[in-house]
Each structure stands twice: as C-alpha cells, then as structure tokens.
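Report on the structure given below.
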There are 2 protein chains.
Amino acid sequence: MTGHAAKRPSTAYDVARAAGVSQSTVSRAFTPGASISPQTLEKVVSAAKSLGYQPNLIARTLITRRSNIIGLALAHMDNEFYAMLLNALNDELAPLGRRLLLFSGDPRGESDPMLSEILKYQVDAIILASTTLSSSLAEDCRAAGIPIILINRASAAKGVSTITGDNIVGACMIADFLMRGGHRQLAVVAGLENSSTSREREEAFIRQVVSAGHSRPYRAVGHYQADATRAAVRQLLAGPNAPDGIFCANDFMAFVAIEVARYEFGLDVGRDISIIGFDNVQSAASPCWALTTFSQPVRAMAQAASMLIQSGEEIELHQRVPGELIVRGSARIPTS
Amino acid sequence: MTGHAAKRPSTAYDVARAAGVSQSTVSRAFTPGASISPQTLEKVVSAAKSLGYQPNLIARTLITRRSNIIGLALAHMDNEFYAMLLNALNDELAPLGRRLLLFSGDPRGESDPMLSEILKYQVDAIILASTTLSSSLAEDCRAAGIPIILINRASAAKGVSTITGDNIVGACMIADFLMRGGHRQLAVVAGLENSSTSREREEAFIRQVVSAGHSRPYRAVGHYQADATRAAVRQLLAGPNAPDGIFCANDFMAFVAIEVARYEFGLDVGRDISIIGFDNVQSAASPCWALTTFSQPVRAMAQAASMLIQSGEEIELHQRVPGELIVRGSARIPTS
DNA sequence: ATGAAAGCGCTAACAT
DNA sequence: ATGTTAGCGCTTTCAT
C-alpha cells in the first residue's frame, strides 16, 4: 500500500561492520556484565543507534534457553479477580524484564490441548490460574525443567508449586461472623465442583457451622457463572425456609446473589438477609454492593509467584497467602 | 530439590535418528503442506511421540521471521472495558494460533521505553489500546514492517491502522437523548485530556447540545480515574446550579458518578438526575447500575483487529465499529 | 519423496 | 579487552 518494502532489521553483524569491531564485541556491548572498554562500547552503541539496532531476543533465547517469557493460563477473565491478578502479576514481573504470554482459553474442563502449546514457546515458567492441571502437562514440564505455579488451585502433582488464599481460615471466619450475627438458617453457594478452592471454602464453612451446633447450611452450586448462580440463589430464596445468611464462594457470585435478593425478592441486604463473598475484588467496596468478604491479596500472590520464578527451577513450595475479613454492609454485624 | 536434572527437550535431530530419517524429513512431517509419504510420516510421528518431541517455535521464528506472537500494550486494566477487550482479542486470535504477549504498563504518559521492548520479540503485529503511540515507535515498526493497530485511539502517523468505536455518533445520540428527556442543565465528564477518544466524545456532545440551542454543558475532567472522577462529580453537584444530566466519557466514570449522586447527594438516579456512560461494559447491565450507555462492541473490534493482522502487512485502515444506544434506567426516558 | 548443506541472529567457550 | 569459532533447533534451497 505504501509501497514501502519491509527492510529487515539490522543485525549485530551490521553493527559490527559499521563500528569496525567483531560481532561478538557487539554482543558484549549489549550484555550488562561483559568486559568491554568504554571507548569501544561507545563506538558500538552509537553505531547501533544510527542503524536502529535492537538485539533479537528470539535468537538470544534459542541459545540461552531463557526467553524471559512466562506463560499464563487463565480460564475466564470476566471474573474481576483474574483481571486484578493479571495486573498484579504483570506489575511484579515486568520490572524484572519478564513478559506474560497469555493462554486464556475455553473454560470447559482440561484446557490441555492449548497448554501443550505453551511448551513450544520455551517459556521460563508457567502460571496456571483457575485452570486444572493435567498430570501429563505437569510431567512434561517437570521433564523440561519448567517450573509450574498454580494460583488458587491445589495439585497433588510432584514438582508444582501452589499459591492460594487462606480458604479455610476465611471460610471459618465467615461462618463465625454469620453465626454471631444470629441467623436462623445459613446457605453456601459453591463454585465449580471440581475446584479445590471452592471445595475448601465450602467444606470449611459447613464444618464450622455444623460443629458449632447450628443446623446444616443449605448448599447450591453457581459454577462461578452468573446464570447458574442466579438460578441457584432464586431457588434458595424461594424455598419454604429460606436462608437469611448466604456465603458465596467468590465475590462474583455474591454480587449476583445480592442482585437477586434485592431486586427480585425485595430484601434489604444487610438487614433482612446477609450475603458474604470471597476475594475482595475492587467492586466489592462500591457502596452499591458494600460487600462483606474475605480478602485474597493479589499483590501478595503475585509477589510470591515472582519470587518463586526468580529463585530458580527446582523448588516446590506451597504458599498460603493470608487474608482478612473485610466487614462492610452486606451482612448483619454482630452486636457483641 | 527433586534432584531431577532438567534434561533438555528432544530435538528434531533426535527424532530423525530414532525414526531413521533425515532431520529435514522430520521438519516436513510437522509442516502441514509438505511433501512426505504417509509411511515416513507415520514413522516420524510415532518416534516424535515416544520422545515427547515438540517443535521449538523459537527456532522456527528465527528463520521464518514469524513468531505468531502479537504484542498487546494496555495502560490500565482496572477498567472493565480493557478486560473485555483482552478477552475478545484472545478469543479471536487464539484459534488462529496467535498468542498475546502482554505489555501492560505504567499509565503515565508515553509508555515508550517499554514499547521498544516489543520490537525485540519479533512480534508479528502490535496492538495498542489505551496508549499513546510515540512517533518514533511508529517509525521503527514501519521500518521493520510490523503492523501497528491502534484500538480506541486515533493517530496521524503513516501506516498505522485504527479501530475505534463510534464516538461522535454515540455522543450525539446521548446528547439528543438527554435533551429530549427535558433536562435543565447538562454536564460532561471528560477522561484524559490528551485522549482522542475522550476528546471526540466530549466535543461532539457539547457541539450537539449547543447547536440545539441549549445552554452550554458544564465540563469536568475525571482522568478515567475513580478519585478524580469522584471529586469532579462532587464539585459539579455541589454547585449552585447543579446539572441534572451528566454524560461521562466512559462507563467506569459513570459508575462513580452514580455512586456520588446516589450515596452522597441522595439523588434518585434516573429521576432526579440522569447519568449516561460510554462502552456498555458488562456491569452496566446490573440492576444496581442499570446504566444507560452507548455500546462499544469489543467482539467486533477484536474481529477487525484479527482481520487486519491476517490480511498482511502493508495496509492502513481506519475502521469505525458502530455501536448503539443502550437504554436502561440511569437516565430519564423521553416521553415522546 | 528424501537427504545434504546452508544459515536465521545470537551467545559462549576458547584463543590471543 | 577483543576476535575466532562453534553451535542453539529449526526451515529452506538444492540435489538426488
């Protein structure tokens, strides 16, 4: 269109000729710790500048076997939590010169076909968030010496590190908060059945309530999806002995629950009914939701991931990042 | 820790030996259209499988000069619109075998130092969303034959393509809608001063209102930020002749405006005051906001970007993706 | 249809 | 401190 032929970018060799040095000297000029005299460095740099030379990271990767690329697999980004996590991860990794290569994919089941793609890119590490890890991928990565970090998921696989929020402590604190608030009947809305995170939160909650002598909470499943959650909450609230306290396994579902309670059932959320979430996403603070929730600090999780990546390959660490109960208006506040 | 030495992945050469063929035959076996007999293909494939061979895309990139990686630069992801855009882009590109490499960065000013990094990765194209394009980067890319696609931004630079929503039509429709709703005094909350998108929306709105003979709208600046927007809206509403109709340059700021109007000034949004946004992000549909807004269809924008990338390098296209006025409850509905 | 050989742009010994 | 040499793992002529 412009008739402007794409002239290929200049190489280290071009720079070498222009500066009257060898090609390896050019390489050294762009290697931080290399031994090179100030004058030749200067010569090379100015030659490079005038040629518009940029070191080719692909070629560098081929030989150093370090791409500085981190593969990030996410299922669905409609959940605000993952948008925040993505941001935090990037903020943590970018200053270290590492970039995120996105493998966001079909939310259904094992997204493995896509994940095997990751390996082909010589990524330095793989971060899996909201994705189930197939044992075959885990094995492949281990063989290739690529560290795998699971965020918000557990895994039995050898060699994979995990970073999770404090699901059990959080769920128990929420249960206590709800019980001290004097509710008649509680309920829990689970996320995905096969998600370790959702299961931990749900089971801890139920255990805590039951062991305190309260009646067993109702249970519904929202699949972390708006429609399913809406249906689940409707059914819960339409029942004969509707719950007056609901714990949703994440904030996203809690927002939906609030909508249903407030706009479909005309309930005053925080008085007639208490609704609590998990994650403490940004929107939770909006006066519109004023969601009481348990925080999962993405910043801290991203830092943990970053440290794991920095500290070399052969570690397997399981880190629980602590959170705290964030009390707002969506749940009755115990008087005591 | 595991004591398990990272054995390097097997190469095409390994497979060649195992299958008793030449290395180039292995290459052909993994090249879709290559001429290879069914039997040798079979031999190679099974050898590859048993060795766990994966073609090294980095090496391939070095020679083909196509990485199948698209660089994506975003400023801030806290804006739901960009999360949606990221999703849409990925959904569109992933089936084509193209991955997004993220360059999300400091929101302040020209994020250029980071962007020059992009070139080093041999990306096939660069998508810039919510980022100002420096002319030097534009020039570098043009020289290297790398297509640049701006989403939601205009640019005078030669050779860059742009994809934008219908800012002017949208702003005019919003102005009309507000005027037909019979408001006394209108106001507009602009985003960033130097954002072409915000300027287009703001100017078209003001022009439309003024040319209809209405009194000139007030103007405030929210910088696409929560705090600044909150302050701006407060000032607007605290004034002597407060506006009863506000157009915010995006949904994100409109949400903040609703919060301030409703929770700080006790206004009934949709009756006492009308608030309209731009983008139609998912949350806008929530009954909590019920935001009247003008849609910017991310799906269509992503498709446009994808087509631009597919169709080769040398095009410069300026595409406006049409949107529509989405009427909900946050603004008075004209009776006529 | 297959193999041999060259080389993509770079880093990393090894010399000097 | 600098140059020489040998690859990294692959695609691509060019032969056969």
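What you see is a predicted model, and the numbers here were worked out from it, not measured in a lab. These values consider heavy atoms only, across backbone and side chains, with no hydrogens, waters or symmetry-generated copies. Naming convention: chains lettered A, B, ... in sequence-line order (proteins, then strands); numbering from 1 in each chain.
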Measure the distance from [atom1] on [X] to [atom2] on [N] and round it to the nearest whole Å.
| X | N | atom1 | atom2 | value |
| --- | --- | --- | --- | --- |
| A:Q122 | C:dC10 | CD | P | 17 Å |
| B:R60 | C:dG7 | CZ | C1' | 17 Å |
| A:N56 | C:dG9 | CG | C1' | 6 Å |

Under the side chain to side chain donor-acceptor pair (under 3.5 Å) test, which residues partner B:S46, sequence neighbours left out?
-> none
Under 4.0 Å between a side-chain N/O of B:R65 and OP1 or OP2 of C:dG9, yes or no?
-> yes
Could you list all N or O pairs between the protein and nucleotides 13-16 of chain C that sit under 3.5 Å apart?
none

Select from B:S22 and A:A12 the residue whose nearest nucleotide in DNA chain C is closer to the 5' end of that strand.
-> B:S22
Distance-only criterion, 3.5 Å: show the donor-acceptor pairs between side-chain atoms of residues 55-62 of chain A and protein atoms not counting sequence neighbours.
from, atom 1, to, atom 2, distance (Å)
A:N56, OD1, A:I58, N, 2.8
A:N56, OD1, A:A59, N, 3.2
A:T61, OG1, A:L57, O, 2.7

List for me each residue that meets salt bridge (charged side-chain N to carboxylate O under 4.0 Å, His left out) alongside [X], sequence neighbours excluded, and say none if there are none.
| X | answer |
| --- | --- |
| A:R299 | A:D91 |
| B:R17 | B:D14 |
| B:R66 | none |
| B:R98 | B:D124 |

Within the 4.5 Å heavy-atom criterion, are [X] and [Y] side-chain neighbours or not?
| X | Y | answer |
| --- | --- | --- |
| A:L308 | A:L317 | yes |
| B:L102 | B:L86 | yes |
| A:V160 | A:I149 | no |
| B:I126 | B:P147 | no |
| B:Y53 | B:V44 | no |
| A:L72 | A:L89 | yes |

Have a look at the helix from C:dA1-D:dT16 to C:dT16-D:dA1 and give the angle its two end axes make, five pairs each, rounded to 10 degrees.
-> 30°
Using side-chain contact (heavy atoms from CB on, under 4.5 Å) as the criterion, list what pairs up with B:S50, not counting sequence neighbours.
-> none
Between A:T25 and A:V21, is there a donor-acceptor pair closer than 3.5 Å when you use the side chain of the first and the backbone of the second?
-> no
Base, sugar-phosphate, or nothing for B:S27, non-hydrogen atoms under 4.0 angstrom?
-> base
Compute whether any side-chain donor of one residue and acceptor of the other, for A:S24 and A:S22, lie under 3.5 angstrom apart.
-> yes
So the contacted stretch of DNA chain D, first to last nucleotide with an atom under 4.0 Å from a non-hydrogen atom of chain A, runs from D:dA1 to D:dG9
Expected list for residues 14-21 of chain B near DNA chain C, using heavy atoms below 4.0 Å, is B:V21
In residues 29-49 of chain B, which ones come under 4.0 Å of DNA chain C, going by heavy atoms?
-> B:S35, B:I36, B:S37, B:T40
